[in-house]
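The model shown is predicted, which means the values in this text are computed figures rather than measured ones. Convention: sequence-line order gives letters A, B, ...; per-chain numbering from 1.
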Protein chains: 2
Amino acid sequence: MALSDRRESILQIVIQDYIETATPVASRHVVERYALPTSAATIRHEMQLLESEGYLTHPHTSAGRIPSNRGYRHFVQSLMGHAELGVAEQATVRHQFFQAAPAVDEWADLAATVLAQSLGLLAIVAPPQPQRLRVRQLELISLNDLLALMIVVVQEARVIRQLTPLPAPCPPEQLDALAHRLNIDVSGQDADAVRNFPAADADEQAVLDTLARVLDRDIERSGAASIAGLGGVVSQPEFHAEPERSLQMIELVDRQTITQFVPHATLQAGGLRVLIGDDNPSDFLHDCSLVVAPYGAEYGRSGYVAIIGPTRMNYSRSVAAARFHSALLQEMMDTVYGGSA
Amino acid sequence: MALSDRRESILQIVIQDYIETATPVASRHVVERYALPTSAATIRHEMQLLESEGYLTHPHTSAGRIPSNRGYRHFVQSLMGHAELGVAEQATVRHQFFQAAPAVDEWADLAATVLAQSLGLLAIVAPPQPQRLRVRQLELISLNDLLALMIVVVQEARVIRQLTPLPAPCPPEQLDALAHRLNIDVSGQDADAVRNFPAADADEQAVLDTLARVLDRDIERSGAASIAGLGGVVSQPEFHAEPERSLQMIELVDRQTITQFVPHATLQAGGLRVLIGDDNPSDFLHDCSLVVAPYGAEYGRSGYVAIIGPTRMNYSRSVAAARFHSALLQEMMDTVYGGSA
DNA sequence: GTTAGCACTCTCACAGGGAGAGTGCCAGCG
DNA sequence: CGCTGGCACTCTCCCTGTGAGAGTGCTAAC
């Protein structure tokens with residue numbers, strides 16, 4: 001059933017006002033602040049209808065109206081429009097990204113920090129998780145005769161460091177030669193290929209073993225998401241009132257387990273999702289909303305940018321910011337690692 | 001003035017009981033729980049004396065006694081003895097460390113997590129910060145004609161990655177040659193030397209500029225400490241009562257600014273310090289205590305292991321844990337990087 | 001359809017009071 | 001002279017009640 005124009009704009013006013021003030025909005029407040037050409041009683045009547053249709057509720061008899069989950073959903077789908085971040089803000093963020101070290105983890109850290117800062121909500125940014133890692137370039141640096149530092153640049157946007165022991169003493173020049181030799185062979189290969197590669201001597205074998213092991217290990221490790229904005233989100237009035245919820249949130253962030261609530265498995269490339277209140281599968285987030293935008297699907301299991309906050313979050317800004325950052329991360333990855341993906 | 005034996009053991013009982021229960025300890029509670037051969041009135045009398053000497057206070061007339069900062073200090077210096085971590089716990093932690101990747105940052109993460117977990121307090125672990133970085137090896141990887149990925153291996157156990165723009169188009173083979181040429185020149189040099197190096201052409205100049213900038217920048221960045229245990233510390237009853245203090249703590253951790261409260265500048269190699277209450281220079285920590293143990297002084301500006309919690313922390317366990325972890329980190333660094341420092 | 005008026009309900013803040021906990025002090029005892 | 005039992009005193013905590021304020025729901029009139 002469609003809402004009348006006036007009722008729709010009242011719904012929009014109530015939601016935007018509540019998002020801003022975090023207090024139930026009263027009929028009189030609406031007519032005064034927004035200079036409507038009707039009386040408070042009329043607004044009350046319309047609000048009653050909106051409530052009977054499930055878009056609004058009120059916490060108790062003598063309180064103003066607050067949006068229901070259904071109200072928020074309608075707002076996100078039909079009312080809020082399609083905002084974008086300001087040009088100046090976009091430029092600032094872009095600049096920061098190009099200043100940063102060109103590593104996916106660093107970008108994730110940076111994106112999480114910037115998002116958290118600008119929204120005052122919890123931001124989680126996970127880098128894409130490659131299915132397999134393929135060597136792009138291999139360097140060996142002699143620490144001493146029996147120990148070398150291995151540096152592997154992989155095609156999947158990552159640099160790995162690992163110590164590798166050498167069974168036989170190997171002076172620096174010889175090690176250089178070894179690296180040069182192996183580079184030709186292993187370039188573009190994944191762990192399995194490296195493992196099956198015939199080694200010429202014991203040193204080569206040791207290096208190949210370490211390399212294969214490290215390629216496997218780093219796949220696991222690369223899932224680590226960056227989280228920022230805990231301070232902002234627990235400062236939100238909804239958490240202020242319930243200390244035990246704050247504590248749960250803090251624990252979840254401290255142990256990084258909050259990431260399990262992001263439905264990354266069901267994301268479509270390029271698709272942005274907004275989960276409002278009980279859309280969230282987890283009980284813990286039943287009073288929260290989550291905005292998630294995937295990126296980098298072509299680099300393995302998709303990475304994502306997620307925003308978590310109370311259902312009374314600024315959806316317009318959150319969606320715009322999530323969209324912008326996921327696109328930017330995609331662009332960064334394509335620029336730096338795209339040529340070889 | 002020396003305390004009588006009995007008064008001293010009453011002080012010890014009060015402090016240990018308060019550390020355990022977090023509630024002011026009453027005279028009757030002491031005689032009952034610890035089966036003392038005296039009456040509550042006697043204990044009360046002794047407590048009055050301890051209070052007049054400044055070792056105890058009580059929050060209001062009809063409350064039991066709590067230790068004052070002076071009481072805690074006396075406890076730490078004379079009463080608590082010198083505990084060590086259990087053998088089994090030591091073995092478990094050692095095992096975890098030798099499983100981890102051989103990178104200082106990883107160790108710091110691990111140590112912070114383990115400490116926070118086992119103490120229920122905030123743990124901060126900072127890796128040693130080198131005074132200057134010297135190039136060991138430089139690699140340039142062509143991303144496209146105008147953009148290269150620079151990888152710098154520095155002698156101080158660190159790998160830096162950075163994007164560098166190229167003013168003139170430069171195909172991969174040419175870039176390789178450039179890297180090879182520069183490598184001979186910059187190997188062993190620090191930022192200042194690199195900056196003063198005469199460049200042969202515009203590309204070389206651009207690379208050298210980026211390199212010098214990056215060497216400087218990474219010194220700052222390498223201080224990044226690992227922090228864990230926020231959940232544990234704000235669950236402590238002293239924070240539970242004061243939400244705005246919790247919020248401050250959360251903000252400080254979220255923005256990593258809590259590290260500025262660790263007095264790392266004044267640390268002696270091998271020396272462990274315990275700052276109790278207003279020993280702390282910062283107002284924010286006036287109701288907290290801090291245990292800090294340095295390590296790795298020979299690798300630059302000393303790293304440290306720090307524990308932060310309410311003054312009512314378990315000093316014995318905290319000191320033992322901090323001491324153990326700093327020694328372990330020292331040992332790990334010596335094993336892996338000792339040869340080349 | 002809109003509006004003014006009014007009764008009703010619920011929250012919030014504050015004050016008062018009783019129970020409980022623990023001390024401080026005093027007088028008496030070994 | 002140190003130790004102890006007893007008792008009055010004080011302070012917190014929790015519960016209750018009350019009054020003001022806010023905002024709605026309803027009704028009757030325009």
State which residues pass side chain to side chain contact (heavy atoms under 4.5 Å, CB included) with [X]; sequence neighbours excluded, sorted by chain then number.
{"X": "A:T38", "value": "A:R6, A:V31, A:L36, A:T42, A:I43"}
{"X": "A:Q12", "value": "A:Q16, A:F75, A:L79"}
{"X": "A:A26", "value": "A:H29"}
{"X": "B:P59", "value": "B:P24, B:A63, B:I66"}

Considering residues at least two apart in sequence or located in another chain, which fulfil the ring-ring contact (aromatic ring centres under 6.0 Å, His included) criterion with B:Y315?
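ring-ring contact (aromatic ring centres under 6.0 Å, His included) list for B:Y315, sorted by chain: B:Y72.
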Once salt bridge (Lys or Arg N to Asp or Glu O under 4.0 Å) is applied, do any residues pair with A:E251, and if so which ones, sequence neighbours excluded?
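Applying salt bridge (Lys or Arg N to Asp or Glu O under 4.0 Å) to A:E251 gives A:R255.
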To the nearest Å, give me how far apart CZ (B:R28) and P (C:dT23) are.
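About 9 Å, once rounded to whole Å.
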Expressed as a whole number of angstroms, how long is the span from B:L56:CG to C:dT23:P?
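The distance from CG of B:L56 to P of C:dT23 comes to 11 Å, rounded to the nearest Å.
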Pairs involving residues 12-21 of chain A, ordered by first then second residue, that meet salt bridge (charged side-chain N to carboxylate O under 4.0 Å, His left out) (sequence neighbours left out)
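Those involving residues 12-21 of chain A are A:D17-A:R33, A:E20-A:R33.
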Would you mind listing every salt bridge (charged side-chain N to carboxylate O under 4.0 Å, His left out) that reaches into residues 73-87 of chain B, with sequence neighbours excluded?
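Output for this query lists B:R73-B:D278, B:R73-B:D279.
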Of all nucleotides in DNA chain D with an atom under 4.0 Å from a non-hydrogen atom of chain A, which is the first and which the last going 5' to 3'?
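Counting from the 5' end, contacts occupy D:dA22 to D:dC26.
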Between A:T42 and C:dT2, is there a side-chain N or O to OP1/OP2 distance below 4.0 Å?
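A:T42 to C:dT2 OP1/OP2: no side-chain N or O under 4.0 Å.
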Hey, which of these two, A:A26 or B:H60, hits DNA chain D nearer its 5' end, going by closest nucleotide?
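The answer here is B:H60.
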Within the distance-only criterion (no hydrogens, no angle test), does the side chain of A:S326 pair as donor or acceptor with the backbone N or O of A:V305 below 3.5 angstrom?
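Pair absent, no side-chain N/O of A:S326 close to backbone of A:V305.
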Which pairs with one or both residues in residues 234-243 of chain B pass side chain to side chain donor-acceptor pair (under 3.5 Å), sequence neighbours excluded?
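Sorted result for residues 234-243 of chain B: B:Q236-B:R312, B:E238-B:R312.
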Check the interface with nucleotides 12-15 of chain C: list each N/O to N/O pair with the protein under 3.5 Å, or write none.
none

Base versus backbone protein contacts along nucleotides 24-30 of chain C [heavy-atom cut-off under 4.0 Å; B, S, -]
BB-----
